[in-house]
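Here the structure comes first, spelled out in structure tokens, and everything after it is commentary.
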Number of protein chains: 4
Amino acid sequence: MTKNKIKKIASKQLAEKGYEQATLSSIAKEVGIKTPSIYAFFKNKEDLFMTVYRDMLEDYYQYIQHSIEQVTAGNVKEKLYRILQELSHYHLSQPEKTQSYMRLALSFPPTFNQEVKDTFNELEQHLCEILHEIFLDGINKREIKNQPLDDLVASFLCVMDGVFLELIYYPEDKYRKRLEQVWNVYWLGISTPLNQN
Amino acid sequence: MTKNKIKKIASKQLAEKGYEQATLSSIAKEVGIKTPSIYAFFKNKEDLFMTVYRDMLEDYYQYIQHSIEQVTAGNVKEKLYRILQELSHYHLSQPEKTQSYMRLALSFPPTFNQEVKDTFNELEQHLCEILHEIFLDGINKREIKNQPLDDLVASFLCVMDGVFLELIYYPEDKYRKRLEQVWNVYWLGISTPLNQN
Amino acid sequence: MTKNKIKKIASKQLAEKGYEQATLSSIAKEVGIKTPSIYAFFKNKEDLFMTVYRDMLEDYYQYIQHSIEQVTAGNVKEKLYRILQELSHYHLSQPEKTQSYMRLALSFPPTFNQEVKDTFNELEQHLCEILHEIFLDGINKREIKNQPLDDLVASFLCVMDGVFLELIYYPEDKYRKRLEQVWNVYWLGISTPLNQN
Amino acid sequence: MTKNKIKKIASKQLAEKGYEQATLSSIAKEVGIKTPSIYAFFKNKEDLFMTVYRDMLEDYYQYIQHSIEQVTAGNVKEKLYRILQELSHYHLSQPEKTQSYMRLALSFPPTFNQEVKDTFNELEQHLCEILHEIFLDGINKREIKNQPLDDLVASFLCVMDGVFLELIYYPEDKYRKRLEQVWNVYWLGISTPLNQN
DNA sequence: CATGAATGAGCCTTCATTCAT
DNA sequence: AATGAATGAAGGCTCATTCAT
């Protein structure tokens with residue numbers, strides 16, 4: 001279906017060149033159609049990329065949700081590490097998406113920014129709840145040192161953010177090593193002595 | 001001097017709107033000159049923003065260097081926290097610069113990207129050395145739990161990155177709270193029990 | 001068809017004002033369209049004039065070829081004179097074309113020059129062969145004094161060139177007189193006494 | 001003297017690139033001054049090239065005049081041939097001048113064209129008189145077949161023009177051969193049998 | 001003499017978009 | 001659903017030129 005092809009290539013070019021350089025005509029050319037044909041499917045350039053963005057976010061959302069739900073087995077250490085790994089896997093296995101993602105977050109017309117932020121917040125909210133539970137569980141089970149839950153959640157989110165940024169800037173191998181180092185220190189830091197093996 | 005005014009406003013508009021939207025004509029208008037006048041000072045649009053970027057990086061470099069050198073007094077805890085604070089202060093006190101910075105890093109013509117990465121790496125290299133020393137010192141003085149130095153450095157860089165990303169996305173008050181939470185957990189995690197007060 | 005109209009007017013303005021002064025906007029204005037519309041038909045300004053030039057050359061080529069082929073009847077004197085006349089007729093009946101032609105030959109971006117020269121050479125080559133035959137025939141029939149064939153061909157080409165240059169510089173009436181004078185002397189010069197009536 | 005340097009380089013760039021491409025700034029750069037400095041010596045771009053052109057023509061004029069005056073010795077054949085040779089020598093020894101010359105003749109703003117033509121005409125007028133005398137002399141001395149003087153003059157001018165055009169288009173060696181062939185045929189054509197050796 | 005700064009005019013070009021087909 | 005033709009808007013850039021210094 002042409003519509004999907006357009007979206008796919010729009011997303012790809014967005015990743016490669018950013019919003020402004022991802023010209024309708026350049027997209028059309030790569031799709032193999034003429035520029036005005038795009039308007040048969042999308043009202044606008046903004047509309048097209050809005051859609052692309054929503055799809056992307058939806059996809060991400062689904063993935064994260066799905067990943068998290070599957071992380072029921074295992075102890076807290078495994079759960080947390082698993083989250084970082086799922087995150088890494090998602091971005092590493094389809095780096096263009098992450099790029100597009102970042103690009104849109106920065107280069108989108110201001111009108112759009114609110115929606116971007118809203119979706120982001122929702123996602124974060126969800127994540128917070130999950131992490132809350134996990135850490136609560138961890139403390140109860142004495143896997144994790146007793147600390148304010150919010151602090152723990154914040155710290156993990158910070159690790160996630162840091163790891164995410166490095167995921168963008170470093171090549172995969174260097175990134176993987178980093179991730180491990182970070183995780184080692186982090187886990188050693190938050191866990192109770194009993195669980196540091 | 002007009003040249004500086006151009007650079008300043010170019011940087012500002014870059015932060016606000018990104019490279020493509022920071023039009024030469026829009027810059028000129030805000031400076032109060034006519035567009036072609038810009039060419040009396042810069043060869044190109046690219047040249048202008050190249051200069052802006054280099055200045056920015058130079059400035060950042062100087063600041064970090066300066067900050068770090070002054071962090072000789074105090075124990076390791078103070079030193080590390082001080083670094084995070086200086087970083088925060090730098091970006092919070094002139095948020096446009098940070099924005100420009102991010103924008104250029106993502107939206108610049110590919111030719112330029114190598115230079116961006118090189119400068120980045122150099123900066124990181126320098127930071128690594130400093131952190132290395134600090135952590136080594138911390139371990140020797142029993143302020144910090146004995147762990148591989150590289151892991152510690154990596155973890156701190158990750159915290160820095162995470163904190164940096166949040167600094168961009170959250171409003172200042174929310175950010176400050178986050179920073180404190182993160183720091184609490186982090187320091188509790190890496191320090192020896194004696195130093196956890 | 002708009003495309004042809006653009007070409008026609010481009011050619012005309014080229015003749016009148018030269019490549020640089022034949023602005024896309026001035027062409028568009030005369031065609032009655034807006035400047036960007038030209039890009040629906042031509043990739044470039046260069047592309048447009050390239051096309052114009054090739055058409056011109058093609059047209060010239062066709063004409064010369066056609067003219068020559070029809071000059072089978074008559075004796076050698078008539079044939080040669082006919083060639084000069086056809087040449088004159090071509091340029092006099094559409095002087096803009098000749099002007100454009102000259103203009104492009106001189107003012108075109110260097111990239112293009114090779115193609116210009118190549119086409120020119122091909123045309124000249126063809127002409128040489130024809131003249132060769134005619135002169136050979138002339139000598140055999142004792143209409144023309146026995147001289148090296150190559151010299152005769154060269155001399156005739158020189159007359160053509162001279163005549164061509166004068167065709168550009170003189171107004172038509174003056175040119176016609178000149179042509180006759182030149183032809184008189186030339187024919188008297190190369191013909192055998194029997195044929196000088 | 002800077003003024004002369006400007007003129008020289010203006011002329012050179014004119015030859016190489018034509019009037020429009022011979023930018024004041026590009027001239028200034030090659031001279032080693034800043035663009036506005038040109039205005040210390042010339043009122044205008046047009047003024048500059050006007051001067052350049054007048055100098056060129058003056059120079060040409062002088063040369064031709066001088067050449068011709070020195071062609072008093074020798075018989076008519078030698079005189080005529082000498083003229084062609086001087087012409088060739090002039091253009092071959094400083095081909096840029098000829099290029100500039102042609103360029104200006106074609107690409108100059110229309111205002112200027114009249115002066116160009118006037119000077120040209122004057123030169124031609126002068127040449128005509130000289131040729132008139134030579135041919136008259138030639139006929140009287142039975143070196144040249146009796147023909148209308150005007151025709152002879154016209155024919156020689158035509159040869160000059162043709163030869164000139166070929167001088168521009170052919171490389172030197174090819175040109176020289178051509179010139180000889182043309183001259184052979186021409187002289188054989190106009191001379192009396194007695195003088196054809 | 002020379003130049004730094006500035007500018008009006010204009011050029012080529014690209015882009016998103018529309019509309020009739 | 002697709003496209004050829006057209007366009008308003010704008011962008012980056014160059015050029016000749018001026019003027020104060």
Side-chain angles (χ1 to χ4, degrees), chain A residues 1-3 5-6 19-28 31-49 109, chain B residues 1-3 5-6 19-29 31-49, chain C residues 1-3 5-6 19-29 31-49, chain D residues 1-3 6 19-29 31-49 109:
Chain A
M1 199 176 152
T2 311
K3 186 168 183 176
K5 209 170 169 188
I6 295 175
Y19 183 71
E20 330 272 343
Q21 300 289 352
T23 293
L24 288 193
S25 69
S26 108
I27 292 170
V31 174
I33 57 176
K34 303 297 172 184
T35 314
S37 304
I38 295 179
Y39 287 83
F41 304 98
F42 302 94
K43 217 185 72 214
N44 253 344
K45 182 180 181 179
E46 195 176 332
D47 181 32
L48 163 58
F49 280 99
Chain B
M1 202 176 152
T2 310
K3 186 168 183 175
K5 210 169 167 189
I6 295 175
Y19 183 71
E20 329 272 344
Q21 301 288 353
T23 293
L24 288 192
S25 68
S26 105
I27 292 170
K29 182 174 286 176
V31 174
I33 56 176
K34 305 299 171 184
T35 313
S37 303
I38 295 180
Y39 288 84
F41 305 97
F42 303 94
K43 221 183 70 224
N44 254 345
K45 184 180 181 181
E46 194 176 333
D47 182 33
L48 164 58
F49 281 99
Chain C
M1 202 178 152
T2 310
K3 185 169 184 176
K5 209 169 167 189
I6 294 175
Y19 184 73
E20 329 272 342
Q21 301 288 353
T23 292
L24 287 193
S25 68
S26 103
I27 292 171
K29 182 174 285 175
V31 174
I33 56 176
K34 305 299 172 184
T35 314
S37 303
I38 296 179
Y39 287 83
F41 305 98
F42 302 94
K43 222 183 67 222
N44 252 345
K45 184 180 181 181
E46 193 176 335
D47 182 32
L48 165 57
F49 281 99
Chain D
M1 199 177 153
T2 310
K3 186 168 183 176
I6 295 175
Y19 183 71
E20 328 273 344
Q21 300 289 353
T23 293
L24 288 193
S25 69
S26 106
I27 293 170
K29 181 177 285 176
V31 174
I33 57 177
K34 303 296 174 187
T35 314
S37 304
I38 296 179
Y39 287 83
F41 303 99
F42 303 94
K43 216 185 72 213
N44 254 344
K45 184 181 181 179
E46 195 176 333
D47 181 33
L48 164 58
F49 280 98

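Everything numeric here is computed off the predicted structure, so don't read it as measured data. Labels below follow one simple rule: chain letters A, B, ... track the order of the sequence lines, proteins then strands, and each chain is numbered from 1.
Of the candidates D/Leu48, D/Ile33, D/Thr35, D/Ile27 forms a side-chain contact (heavy atoms from CB on, under 4.5 Å) with just one, namely D/Leu48.
Rounded to a whole Å, the NZ atom of B/Lys29 is 11 Å from the C1' atom of F/dA10. The nearest whole Å value for the distance from the CE atom in C/Met1 to the C1' atom in F/dG4 is 11 Å. Taking atom CZ of residue C/Phe42 and atom P of nucleotide F/dA5, one finds them 11 Å apart after rounding to whole Å. Here E/dA6 presents its C1' atom at 17 Å from CD1 of B/Ile27, a figure rounded to the nearest Å. If you measure from atom NZ of B/Lys5 to atom P of E/dA5, you get 15 Å, rounded to the nearest angstrom. Between B/Phe41 atom CZ and E/dT3 atom P there is a gap of 17 Å when expressed in whole angstrom units.
Partners of D/Asp47 by side chain to side chain contact (heavy atoms under 4.5 Å, CB included), not counting sequence neighbours, listed by chain and number: D/Phe42, D/Lys43, D/Asn44, D/Thr51. The side chain to side chain contact (heavy atoms under 4.5 Å, CB included) check on D/Phe41 picks up D/Thr2, D/Lys3, D/Ile6, with sequence neighbours excluded. The side chain to side chain contact (heavy atoms under 4.5 Å, CB included) test applied to A/Lys34 returns A/Pro36, A/Ser37, not counting sequence neighbours. Applying the side chain to side chain donor-acceptor pair (under 3.5 Å) test to C/Ser26 and every residue at least two apart in sequence or in another chain returns C/Gln13, C/Lys17.
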Tell me, with the steps shown, if C/Lys45 and C/Tyr19 meet side-chain contact (heavy atoms from CB on, under 4.5 Å). CA-CA 9 Å; C/Lys45 184 180 181 181; C/Tyr19 184 73; 4.0 Å; yes
Which dot-bracket string describes DNA chain E (Watson-Crick N1-N3 plus N6-O4 or O6-N4, or G-U N1-O2 and O6-N3, all under 3.5 Å; [ ] crossing; | other strand)? .||||||||||||||||||||
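Between atom CD of residue C/Glu20 and atom CD of residue D/Glu20 there is a gap of 5.0 Å, rounded to the nearest 0.5 Å.
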Annotated protein contacts, base or backbone, on nucleotides 7-14 of chain E with a non-hydrogen cut-off under 4.0 Å, one of B, S, - each: BBB-SSBB
